[in-house]
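All heavy atoms count here, side chains included; hydrogens, waters and symmetry mates do not. Counting starts at 1 for both ligands and their atoms, in listed order.
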Amino acid sequence: MTTDGVGSDRPHPDMSKARLALGDGGPLVVLTGAGMSAESGVPTFRDAQTGLWARHDPAALATPQAWDRDRDSVWAWYRWREHLVGSAEPNAGHLAIARAARDRSVAVVTQNVDDLHERAGSTGVHHLHGSLFAHRCDGCGTPMEVGPAPTAPVERLVPPGCPGCGGRARPGVVWFGEMLPRQPWDAAVAAISAASAVLVVGTSGLVHPAASLPGIAVDLGIPVVEVNPGPSGLAHGVTVHLRDTAAAVLPALLAA
Ligand code: OAD
């Protein structure tokens with residue numbers, strides 16, 4: 001612990017400013033991206049992929065075109081990611097966000113398709129890009145149970161057939177070029193509009209429309225604090241940018 005209350009060895013001159021910007025009573029919105037789960041061992045989108053997937057570009061696999069072209073490879077990739085995420089644990093950052101909800105209203109809006117916020121104890125998480133664990137038919141959209149994910153990587157897997165329409169199970173995530181589901185988007189905009197502060201963690205701010213959410217807060221004059229060890233993912237208007245990782249700063253930043 002430093003005198004600034006930071007739960008790591010590194011001093012943070014901006015920690016007090018960031019805590020002040022977040023306040024301690026009003027409704028808080030936490031917007032998270034892939035960097036949030038990096039310290040749980042889930043690679044970010046712009047990290048090099050490891051192992052079997054070193055040769056695959058996630059941006060090329062996460063499209064309806066890839067599904068039409070090579071469904072079995074895409075299904076195998078997503079099922080393997082389910083296994084990896086299922087083996088990961090929430091990190092100190094996820095836990096700090098869940099804990100903060102004991103003292104104030106906290107809405108979590110995430111671009112992540114993992115379930116680490118929920119497993120840390122956050123409730124009512126808004127998943128803008130869907131979930132790895134919610135499968136549905138690619139024909140009629142009916143939710144489908146697909147059994148446990150394989151525990152070793154495979155190159156190809158045939159997705160189960162839909163008993164209703166003969167379509168195939170697909171991952172319940174949003175692919176590039178697809179619309180975001182309406183409900184979490186509307187909930188995110190409503191939560192930001194009613195927030196007293198917004199905390200943005202671990203997103204490159206490159207993928208729209210999610211990347212436009214912090215700008216809504218800025219336009220409304222709501223303080224925005226960003227946690228990202230890299231360059232700011234936000235175009236403008238960030239009140240404080242803490243250049244460190246989620247697990248390193250969130251426990252002190254969100255401590256009551
Ligand atoms: P990216 O992988 O684009 O960016 C990750 C961000 O996290 C970068 O700005 C890093 O600097 C930061 N970062 C890395 N490690 C961190 C850590 N330990 N703590 C905090 N921050 C850290 O991830 P997203 O912005 O979430 O979309 O990507 C947005 C979307 O692009 C994803 O939801 C996905 C992807 O393609 C779809 O699948 C539709």
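Here the CD atom belonging to Glu39 is positioned 14.5 Å from the CD atom belonging to Glu89, to the nearest 0.5 angstrom. In this structure, the separation between OG1 on Thr142 and CZ on Arg136 is 10.5 Å, given to the nearest 0.5 Å. Distance check, rounded to the nearest 0.5 Å: CG of Leu128 to OG1 of Thr110 gives 7.5 Å.
Distances between N or O atoms of Asn112 and those of ligand 1 include no value under 3.5 Å. For a threshold of 3.5 Å applied to N or O pairs, the pair formed by Ala38 and ligand 1 contains no separation below that value. Polar contact with ligand 1: absent for Asp244 (N/O pair, distance under 3.5 Å). Residue-to-ligand polar distances keep Trp175 apart from ligand 1: every N/O pair is separated by 3.5 Å or more. Polar contact with ligand 1: absent for Val207 (N/O pair, distance under 3.5 Å).
Of the candidates His127, Glu226, His129, the one placing a heavy atom closest to atom 37 (C) of ligand 1 is His129. Of all the listed residues (Pro231, Ala248, Gly202, Gly230), Gly202 holds the heavy atom that lies closest to atom 7 (O) of ligand 1. Around atom 17 (C) of ligand 1, the closest heavy atom drawn from Gly35, Gly130, Pro43 belongs to Gly35.
A salt bridge links Asp70 with Arg156; the closest basic N to acidic carboxylate O contact falls under 4.0 Å.
With Arg19 contributing its side chain and Asp24 its backbone, the two residues share no donor-acceptor pair below 3.5 Å. The closest donor-acceptor contact from the side chain of His241 to the backbone of Val227 lies at 3.5 Å or more, if one exists at all.
There is a path of hydrophobic side-chain contacts, each under 4.5 Å, that joins Leu220 to Val198.
With sequence neighbours left out, Arg102 forms a side-chain hydrogen bond (donor to acceptor under 3.5 Å, both in side chains) with no residue at all.
Every atom of ligand 1 is numbered from 1 in the order shown, and the set under 4.0 Å from a heavy atom of Gly33 is 26 (O). Close approach of ligand 1 to Ala34 is summarised as follows: ligand atoms under 4.0 Å from at least one heavy atom of the residue are 2 (O), 23 (O), 24 (P), 26 (O). In summary, the atoms of ligand 1 found under 4.0 Å from a heavy atom of Val174, numbered by their order in the structure, are 37 (C), 38 (O), 39 (C). Taking a cut-off of under 4.0 Å to the non-hydrogen atoms of Glu39, the atoms of ligand 1 that pass are 17 (C), 18 (N), 19 (N).
The shortest heavy-atom distance from Ala62 to ligand 1 is not under 4.0 Å. For Leu206, the heavy-atom gap to ligand 1 stays at 4.0 angstrom or more.
Residue-level proximity to ligand 1 for Gln111 is carried by backbone and side chain together, each with a heavy atom below 4.0 angstrom.
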Derivation of the side-chain contact (heavy atoms from CB on, under 4.5 Å) call for Trp75 and Val154: CA-CA 10 Å; Trp75 182 247; Val154 284; over 6 Å; no
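The aromatic rings of Trp175 and Trp67 lie tilted to each other, with the angle between the two planes from 30° to 60°.
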